[in-house]
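Quick notes on the structure that follows.
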Amino acid sequence: MRTTPLPPTSAYRSAFGEDRRSDWVLTVVLLVLLGTTLALYDAYAKGRWGGPSRTLAIPEQMDAVPVVLSDFAQPKAAAQPQGATTLQEAVQRANIAFAEARARADAVALQAVATGEWLAQEQAYIAQMRARGETERWQLLGLDFVQVEQRPDGTGFVCTLERWQMQTLRADGSVIATRSYTFSEGYTLVPAGGLWLVSRVDSVSR
């Protein structure tokens with residue numbers, strides 16, 4: 001058997017040459033695509049289009065957004081009328097001064113918290129109590145605010161439910177009687193010198 005290769009024919013040489021040319025063209029196309037891809041990535045990285053400094057870029061670090069726990073709580077209750085807290089404090093100061101005035105049989109303590117009708121009533125009652133040689137020890141056991149409002153005419157109104165214990169004392173300090181009371185109180189307040197003063201107290205024993 002012959003083992004010596006035969007020289008390629010012209011048809012073979014033509015087909016082989018076309019295959020070599022196709023491979024070369026494909027290689028060039030791939031190199032162009034690779035170069036284009038690298039150029040585009042380099043432009044993106046430098047922020048020339050859609051890069052870190054553009055709107056399409058993904059930010060390296062996002063600013064923290066504070067979250068308040070109360071945002072997930074139940075809906076907030078309606079705000080109290082303007083001055084409501086001050087009105088409450090005025091009533092509390094009035095109760096303290098009332099207890100002090102009755103314990104000392106002296107209305108001086110009321111002059112800083114009371115005015116008008118209520119102050120006049122307390123001054124008259126304390127004068128009678130002092131004439132009898134008695135004092136009263138009032139202890140506030142409970143105070144609930146039922147209504148607090150500032151009225152259009154500039155006055156304030158506070159309705160409370162109050163629980164008191166009262167002892168009537170002789171001049172020597174001995175106890176004459178001890179009683180417990182529950183009052184529904186309606187306080188009318190007027191502004192004076194940046195403060196609220198109690199001008200009237202409507203009281204109903206319960």
Side-chain angles (χ1 to χ4, degrees), residues 66 68-206:
V68 181
L69 184 60
S70 59
D71 293 341
F72 303 95
Q74 297 297 325
K76 297 179 180 179
Q80 290 183 325
Q82 183 179 4
T85 301
T86 305
L87 290 171
Q88 293 174 345
E89 292 173 349
V91 169
Q92 292 171 330
R93 290 195 302 267
N95 279 330
I96 294 172
F98 163 81
E100 182 179 348
R102 292 288 183 95
R104 295 176 179 272
D106 189 343
V108 172
L110 288 167
Q111 294 177 358
V113 298
T115 188
E117 180 181 331
W118 188 51
L119 179 59
Q121 289 176 347
E122 284 300 307
Q123 287 173 332
Y125 182 86
I126 289 173
Q128 295 173 4
M129 187 174 59
R130 188 167 55 246
R132 296 194 302 267
E134 296 176 354
T135 59
E136 293 177 354
R137 181 183 298 157
W138 288 78
Q139 181 181 5
L140 183 62
L141 303 178
L143 172 63
D144 298 319
F145 289 95
V146 179
Q147 181 181 354
V148 180
E149 66 173 340
Q150 186 173 341
R151 292 172 170 171
D153 62 0
T155 63
F157 178 77
V158 177
C159 180
T160 65
L161 181 64
E162 302 177 10
R163 294 170 294 281
W164 292 87
Q165 183 182 77
M166 187 271 284
Q167 291 181 323
T168 303
L169 307 175
R170 299 184 180 90
D172 61 4
S174 59
V175 177
I176 300 174
T178 301
R179 299 181 181 88
S180 295
Y181 297 97
T182 299
F183 295 111
S184 179
E185 305 268 46
Y187 295 85
T188 299
L189 301 98
V190 295
L195 297 174
W196 289 101
L197 302 181
V198 178
S199 63
R200 176 172 176 171
V201 179
D202 296 304
S203 180
V204 177
S205 180
R206 301 179 60 176

Which atom pair, heavy atoms only, marks the closest approach of [X] to [Y]?
| X | Y | answer |
| --- | --- | --- |
| Ile126 | Ala101 | CD1-CB, 3.7 Å |
| Pro191 | Gly154 | CD-O, 3.5 Å |
| Ala94 | Val113 | CA-CG2, 3.9 Å |

Taking C-beta and beyond as the side chain, do [X] and [Y] meet within less than 4.5 Å on heavy atoms?
| X | Y | result |
| --- | --- | --- |
| Arg151 | Phe157 | yes |
| Gln150 | Trp196 | yes |
| Gln92 | Phe145 | yes |
| Leu161 | Thr182 | yes |

| task | Apply the test side-chain contact (heavy atoms from CB on, under 4.5 Å) to residues Val146 and Thr160: give CA-CA distance (whole Å), side-chain angles for both, the deciding distance (0.1 Å), then the verdict. | result | CA-CA 5 Å; Val146 179; Thr160 65; 5.7 Å; no
| task | Write out all pairs satisfying ring pair (Phe, Tyr, Trp, His ring centres under 6.0 Å) with one or both partners inside residues 99-125, taking only residues at least two apart or from two chains. | result | none
Supply the atom-to-atom distance [X] [atom1] to [Y] [atom2], rounded to the nearest 0.5 angstrom.
| X | Y | atom1 | atom2 | value |
| --- | --- | --- | --- | --- |
| Leu141 | Ser180 | CG | OG | 6.5 Å |
| Thr86 | Leu195 | OG1 | CG | 9.0 Å |
| Leu169 | Thr135 | CG | OG1 | 4.0 Å |
| Ser203 | Glu162 | OG | CD | 7.5 Å |
| Gln165 | Leu140 | CD | CG | 11.5 Å |
| Leu87 | Leu189 | CG | CG | 5.5 Å |

| Of all pairs that satisfy salt bridge (charged side-chain N to carboxylate O under 4.0 Å, His left out), the ones with a partner from residues 105-127, not counting sequence neighbours | Arg102-Glu122
| field | Residue pairs involving residues 90-100 (criterion salt bridge (charged side-chain N to carboxylate O under 4.0 Å, His left out); sequence neighbours excluded) | value | Glu100-Arg104
| Residues in salt bridge (Lys or Arg N to Asp or Glu O under 4.0 Å) contact with Arg200, at least two apart in sequence or another chain | Asp202
| request: In sequence, state the C-alpha distance, the side-chain angles, and the governing distance for Arg163 and Tyr181, and then conclude on side-chain contact (heavy atoms from CB on, under 4.5 Å). | output: CA-CA 6 Å; Arg163 294 170 294 281; Tyr181 297 97; over 6 Å; no
Return a table of donor-acceptor pairs under 3.5 angstrom between the side chains of residues 171-178 and protein atoms on other chains or two or more places apart.
residue, atom, partner, partner atom, Å
Asp172, OD1, Ser174, N, 3.0
Asp172, OD1, Ser174, OG, 2.7
Ser174, OG, Arg170, NH1, 3.0
Thr178, OG1, Gln167, NE2, 3.4

| field | Side-chain (Thr155) to main-chain (Val190) donor-acceptor, under 3.5 angstrom | value | no
| message | Check whether Arg130 reaches the backbone of Ala105 with its side chain - one donor and one acceptor, N or O, closer than 3.5 Å. | response | yes
| note | Tyr187 meets the ring pair (Phe, Tyr, Trp, His ring centres under 6.0 Å) criterion, sequence neighbours left out, with none
| query | Do Glu149 and Gln147 have side-chain N/O donor and acceptor atoms under 3.5 Å apart? | reply | yes
| Do Glu134 and Thr168 meet the criterion of a side-chain donor-acceptor pair at a distance under 3.5 Å? | no
